[in-house]
Structure formats: structure tokens, C-alpha cells
Amino acid sequence: MDSTAQSMTGDRIACRATGVRANAAGACIALLRRDFVLAWRRRGELFLPLLYAVIVTALFPFALGPDPELLARIAGGVLLVIVVLAMLPALESMFRADLDDGTLEQWLLAPQPLALLALTRVIAHWLTTVLPLIIVMPLLGALMNLPVKVLPVLIVTLLLATPLLVLLGAVLSALAAGARRSGILLALMLLPLAVPVVIFAAGAIAGAQSGMPYIAPLTWLAAALVMAIVLAPLACAAALRIAVES
Amino acid sequence: MNPVRKRRLIITLLILGAVAVATGLSVFALQRNMTYLYSPSEVDAGKAPDGHPFRLGGIVKEGSIRRVPGTLTTDFVITDRFQSIPVTYTGILPDLFRVGQSTITTGTMDNGTFVAKTVLAKHDATYMPPQVAQAIAKAKQEHRIPPDAGHGGSQ
Amino acid sequence: MTTPPAPAAPLLSAHRLAFSRNDEPVFGPLDFSLGSGETVLVEGDNGSGKTTLLRVLAGMLPPGTGEIHFHGEPASRDSRNGRVLWLGHRAGMNEALSARENLGFLAGLYGARGGMTAATAMERVGIAAWIDEPVRTLSAGQKKRAGLARLLLLQGDIWLLDEPYANLDRRGIGLVNALIAEHCASGGGALVTSHGAVRFADPRARHIRLDA
Amino acid sequence: MSRSYLPHWMHWLGSPPNFYRFAGTLRPWLMALALASAAIGLYGGLVLAPPDYQQGDAYRIIFIHVPSAWMSLFIYATMAVAGLIALVWRVKLAEVIAMECAPTGAAFTFITLATGSLWGKPMWGTWWTWDARLTSELVLLFLYLGVIGLCNAFEDRRRGARAASLLALVGIVNLPIVHYSVQWWNTLHQGTTVDFLDPARSSIAAPMLWPLLVMALATHLYFFASILGRARTGLLSLESGKQWVRTLVDGQPAPTMEAPT
């Protein structure tokens, strides 16, 4: 050890050569693994949004009366809104635990791009909390009497719209993480940014439902998603730096 | 290359790539029609949804307004100067509803007639005193230009 | 990349470093440097700005006035990250995960030292038996020891230790001193805060006194 | 450090005592000019301007609605620029200005929506419709509210200001949507009337145009006067421990502020 001490002072590479080098890909995999293990350990909590979505969906036929045509007509929009609402509570706690237990401080000093870690967290969050909602969509569609031809479009729409919402939500969640109270605040901030997403998603679903072309709104969503994948993690990293200042 | 500049370069390239892809997708999307309303020509071409409510926009055709006596029902024809569609509506019409006015109605097609649930009048982006409007109309008449060609709104 | 010739710059140096919060001066202006193999002890009462100083050095607070250099380079994310290890009041470990999982994740972010694994590090700090228990079941002192295991495991030659003696028993304090001495012997350096109640082992350590 | 990128006069003005005095001198003049031009503009718009060939007298709401709408966008842009300066250079004055923009901007946005709604009922036949212009303007209002809410949710006001500035920057994507919505989509809302790049193409008669422009001038002057006043108050409370504030307050008979020691 002593022989390497001198070169260590000058050069970081020398220091690394003696151990397991950290690289960006390895860091992302480590973060994904950690988040999956954590999600598995709290799998009970992961069922809550699912349960919420199923219960709310089941309430609609009771509240509106069992008119299959009425249900079929509103099914697409209702399911879209239910998914957005079911996503909200989990978004709020996206960075909260890491801020409270000091893990974010460790993120900040790690020799990895913070934006990349934020993007990885978004991916892990989407896979663990949102993907299950999309997987049960056929069941929810059946409850709402959703026309079978609309189901694939609804799922594709959600596959584009929900990552976009999680990316936006990550920025806002990071912003709100440093604040005193953030529950209703996140909803207030997410609403204006989610409106365009919901409009285009609803446009695609309505198009599919009435037998009209639905490619245009889906393409808009895809364009927004591409931009958000690059820009949102950068904004998220800036927000996390503000959150750690205290 | 030093790490700071390398990272900036990567971020810049990523942003440029994303902008390029997003622009491509937007151009593709713009070529597809996504509208607030459909024109009579589009309805005639079968582009409007069938059996579902949609918005029909156009100009109220000259001499087409017929009020059914004793009711609030009004029949009129919406045209975009190429195709026309008869519309029937029961209810109170907005102030601006008149011949030659841009109008947006929401409803469904029923046997070739558009049954409107709401009628909205769109006013155009032109503001001028009535005397000027009359003078323009007169000048247009002298030059045999249709009265609504000058200010048909931004449709 | 060629290694610059000696004399090597200090691991960390601060020049006229001062910080104010809402225009109330918190500390400074300070001048100090932390060379390879050195320990600097930051002393001061509660509220004298010890934690703030460490957070400014770690880049978690905006720099006030003055200059910070790491290895002779002006402080930036690139000159700092990967060289600095931070041990603060909070463990930096998720409570629902075990120490092994937490350390494994952080090793993925920072890289692990040669010959070190989560298990050997936990054994060195004397809580190897708790390695697979959720961190939430650990006592405050054990959490602190798990934090020390992190310092052992991860790569980084500048240790910023905020109150490392807090919550530790007599043997734990000895362990902290031993770890710092070992780290310094291998070319690292440590900046340690203490409110002065603990007798610091290294008689050669330099002191910075902060006054409220 | 990085503040050296700023020009000298910004340095001078960025110092709170300088700004406080500068704003205090400028504000009454701006406010007087704003009131005068508002009086002229309203007289010109409500009395002198002829009725519209289509809408009669009801169109006169544009003298409130249109300047407010312009202001709702202008103030958001101002807020975002100030927020960017606050984030990059951490200038305290920029933080204060960015945050004090939000309530005024929200007020103008609300006025725009309310007057538009009042106008829409007789003209279009509806109070509200979800067309692109109206929806994006509503989103703008929510953005302002989000900025206000986020800023106030932090214990530390400067952290809150920086977090809210970041939100303002994220929300800037909405500005082009508001402005171009009438061109990009077939909306119920009419297209652009006043063309600033090519005034000859503006589709509004001159006797109606000049009161509109004077009203726009009045709202801008009012905004500048109000932001100067608000920023002064904001700076005072943020700097309450500073010597210049103490001197300022001690010189007046008002109750003295106890500075935290």
C-alpha cells in the first residue's frame, strides 16, 4: 500500500487501479438492482396503486349505472385518468426516502453523472410502479366494457404517456423533496405540465374509439417523450442539488 | 479531451439528437390531421367520425337560416365554399350568429343532417368600424368578389 | 495522461474561505490545507459552523467566498467527485435494505478499494454479524459503524467526517482513530469535526478552531 | 467568482441598497405614467374608438383582455429570465424579482381568462371551451400558482426561490404553445390581429389600434412599477439583518425592526 501512496496523491487513476473501478453503466445497474430489491421488499406497497385503480374502475359501473354503451364510450378517458391518479402518490415519494436517510448526499459525491442516476431512478420507478398498472389494463378494460379494438391503442398510449409523466414527475418530486409539505403541492405543479400529455393521450384514445386516425397524437407524445428523456434528467439533477442544500 | 468538455459534448449531442428526432416526429405528426374541428369537405370525404360527436366548422350559407315557428329550432347550412352540410339546432344562438359568419357546431351526423348540440360563433381577427366594413363590401361588390372572401377567419 | 511531477499539491486546500447564510456570517475566512497523510481536526461548539464548513467543502452548499482546491484543481464536480467520501449525521443507507445491499450499491457508484468487500469492511468495524439485517434494526452506534465500513470500502482519498464519534462507545472511538490513522498512512487525508468532548488520538493532527 | 460575467451596471444594480434607492426613485414616475397612459388608452378605447362592424360595442373588452394576455406571457418570460439568472449566478435580486413576478403574472392571467370568458359568452355562445388557446392560457395560470406554491413551501426563502425558478424554467415550454396555438390548430379563438413585425398587416383599424397599444404601454409601465415596489419590500424582509436596512429603519419614526444577532 505504501508504495502506491505517492502516486495516489497526484492521480485518481492510480487510486482506482487497485480496486474495482466504478463506471457509469455499472453504477446504473447497481442502482437498478438496489431499487428492484427495495421494491420487492416492499411489494405490499406496490399493490396499493393497482388496488386503487381496480377499485375506482369498479366504482364507475355502480355510479353511472350498468349501461354498457355509456361505459364503453367513456372507458378510454376514464382509464387514462385513473392511471394518472394512481401514479401520483408514488411520484411524491420518489426521492423523499433517499433525501431523508442521506443516500442523496452519497449520490451527489459519487463520480457519476447525477442526471444519469436520476434517469435510472425514473426507469426503475416506471418499471416497478407504473408497468403493473399497464399490465392489468385488459382487466380494467373489461370492467369498463372497453371496446376490444381500443385496448391496444390505449396500451400504446399509456406506454408513451406514462414514462413522460414519470419524467416530469421526477423533476417536480425532486423540487418538492426539499420543501416542508409536498403532497398537494406536487399535484398542483404536475397538473399544468400533465395537461398537454393528457390531451394528446385522450386524443389518441378518442380517435381509436371513433374509428379515426390516432397516429398523430401518438407521434406528438413520442416526440415529447424523446425530448423529456434528455432534458428531464438534467432538470431533475439540478433540482436534487437544491434539495440537498439545507 | 478533458472530462468536463467531454461530458458537455455528450450532453450537447444528446440534446441535438433528441431535438432532431422530436422534430422529425413533429413533422410527421403535422402531416396527419389533428384538429379541433372538421370542415364540410372533410366530412364529405368521410374523415369525420361516424356515429360519434365531433365539431363541424364553416360559414353559415347565405339565405339558409330557417327558424321553425313556435320553437327554438333553427335550420341552416354550413359551407366551406366547396361542400355544404345542413344543420339543425334547438336552443339560443349566440349574438354573432348570422349569414356569412364562421360557426363551430358540435353534434352528430344523422342521415346527412348534422344534429347540433351546441353552436358557437367564431369571430375573426379583424376589427374595423361599420362604415369601413360597408365601404369594403361595396368595393368588393363592384369588383365582383364574394362578400366573405376578405375576412373568413383563419380557417 | 501524464502524472504531474512532484511536489504534489495538497489533497484539499482552502483560501480565504467564508460562508454566510442569509447574510449572517457562519464561518471564516479560513485558510487551511489538508496534505497527503494529514488529519485536520475542526473544533468548535454546537452552531459554530463545523457541519456547514464540511458541507461547503463537499459541494452540498453553494460556495460562499474564497477558493477551494482539490489536488491543486479548483473545486468542481470533476475535481471533487470520486475523491471525497462523506460521513454525515445521516447514515446514507436505506433502512429497509441490509448493510450488504447498501454497501454493494454504493460500491457500484464509487468503486471499491482493492481487496475490500462489504463483508471484510463490516468485519473490520466489528459488526459482521449484522451484515444481512435490515439497517433499520441496527442501533445508532451500529449504524455509525456501518458508515465507517462504507469509508473503508469505497474509493476516495479525502475523508470528510462530520462528528464521527457521535453515538460511539469507547471502543468505537478507538476504531475511528485507528481507521483514520490507517487511511492517512496509505496516503489519504481526513477532515474531522468534533465538539471537543472526545480526546483525539493523533497528536500531530492540525486543528482549526471555529467560534460561534 | 462566476459573477464577473455580469456587466458592471448589473453588479451595481444587483446590490440591494443600490437597487432599493434606484427603485424607490423610479417607481412613482412609472406609476404616474402608467395611470396617465391607462386613462388615455381607456378614453380612446371606450369613447373615441368606433364600434366594430361585427361585434358592435362588445369588442371594447379587447382594451383590457389583449394587453392582459400580452402581459401574462411577458411576465412569465421575465420571471424565467430572472429565474435563470438566480439559478446560474445566485444573484439575490434576481431571486426576489423572479418570485415577485409570479403573483402579478397570475393576476394578469386571471384577468385574461375572466375577460375572455365574459367576451366569449355573448360572442361565441359559451363561457368556456377546451380549445388550444384557452387551455394553454389556463395551464399558464396553474404554472404561476405552482411557482408561488413551491416558493412558499420552503423554510429557507432563497432555496424556495431557486426551486421555483427551476419550475418556471421547465414551464417555459408552454409560452410558444400559448402564442402559436391559434396558428398550429384550428381553434375557436381567433388568430393574431396585431402584427408587430409588419404593422401594415395588422387587421385592425387605426382608431382602434392606438388605444390598444397605449393600454399595452400602460400595463407594461404598471408591471414595472409594481415589480419595483414588490422587489423593494422583498429585499427589505430578506435583508432585515443588514446594516443598510437598520440605518434605513432607524431614520424613520416607524417601529424598529429587531435584527437577529
Side-chain angles (χ1 to χ4, degrees), chain A residues 77 92 95-96 99 115 118 164 167-200 202-203 206 216-217 220 223-225 227-228 230-246, chain D residues 72 76 80 83-84 86-88 90 95 102 105-106 109 129-178 180-181 184-187:
Chain A
E92 202 255 322
F95 295 102
R96 170 71 64 187
L99 183 68
L164 191 51
L167 282 163
L168 292 172
V171 178
L172 303 177
S173 170
L175 279 174
R180 261 175 293 163
R181 47 194 150 71
S182 59
I184 193 68
L185 187 65
L186 183 71
L188 178 68
M189 292 193 297
L190 188 61
L191 182 69
L193 297 173
V195 165
V197 181
V198 171
I199 286 177
F200 287 113
W220 281 114
L225 180 60
M227 287 306 292
V230 176
L231 294 180
L234 295 172
C236 192
L240 288 175
R241 288 181 204 284
I242 296 175
V244 170
E245 283 177 22
S246 58
Chain D
S72 68
Y76 196 93
L84 183 69
L87 279 174
V88 177
R90 296 172 184 269
E95 289 168 12
T109 313
T129 179
W130 293 100
D131 100 335
R133 176 53 82 71
L134 278 68
T135 308
S136 55
E137 185 77 11
L138 184 67
V139 166
L140 190 68
L141 178 64
F142 284 125
L143 277 172
Y144 276 121
L145 296 181
V147 167
I148 296 170
L150 185 62
C151 177
N152 288 319
F154 279 78
E155 301 276 3
D156 179 2
R157 293 183 42 195
R158 299 198 57 185
R159 269 178 83 209
R162 280 210 302 285
S165 296
L166 191 57
L167 176 64
L169 283 175
V170 172
I172 208 164
V173 287
N174 190 41
L175 286 198
I177 298 181
V178 175
Y180 290 109
S181 51
W184 290 345
W185 295 287
N186 260 330
T187 53

| field | Main-chain N/O of Ile242(A) paired to Arg162(D) side chain as donor or acceptor, under 3.5 Å | value |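 Looks like no, no N/O pair under 3.5 Å.
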| What is the distance from atom CE of Met189(A) to atom CG of Leu145(D), rounded to the nearest 0.5 Å? |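 Output value for this atom pair is 12.5 Å.
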Which atom names give the shortest non-hydrogen contact between [X] and [Y], and what distance separates them?
X: Ala176(A); Y: Leu150(D); value: CA-CD1, 4.3 Å
X: Leu185(A); Y: Gly149(D); value: CD1-C, 3.5 Å
X: Leu166(D); Y: Ala235(A); value: CD2-O, 3.6 Å

Using non-hydrogen atoms and a 4.5 Å limit, figure out which bit of [X] sits close to chain A: side chain, backbone, both or neither.
X: Asn152(D); value: backbone
X: Thr135(D); value: side chain
X: Leu140(D); value: neither

| Closest-packed option against chain A by number of heavy-atom pairs under 4.5 Å, given Leu169(D), Leu167(D), Asn174(D) |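 So the answer, after comparing Leu169(D), Leu167(D), Asn174(D), is Leu167(D).
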| task | Heavy atoms only, distances under 4.5 angstrom: which of Ala243(A), Ala239(A), Gly178(A) has the most pairs with chain D? Name it, please. | result |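 Of the options given, most contacts go to Gly178(A).
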| task | Go through Leu193(A), Leu168(A), Leu175(A), Leu190(A) and name the one with the most non-hydrogen pairs under 4.5 angstrom from chain D. | result |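 With the most close heavy-atom pairs to chain D, the winner is Leu175(A).
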| request: Using non-hydrogen atoms and a 4.5 Å limit, figure out which bit of Leu191(A) sits close to chain D: side chain, backbone, both or neither. | output: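 Side chain of Leu191(A) only, per the 4.5 Å heavy-atom cut-off to chain D.
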| Checking heavy atoms, do the side chain of Leu172(A), its backbone, both or neither come under 4.5 Å from chain D? |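 Just the side chain, heavy atoms under 4.5 Å.
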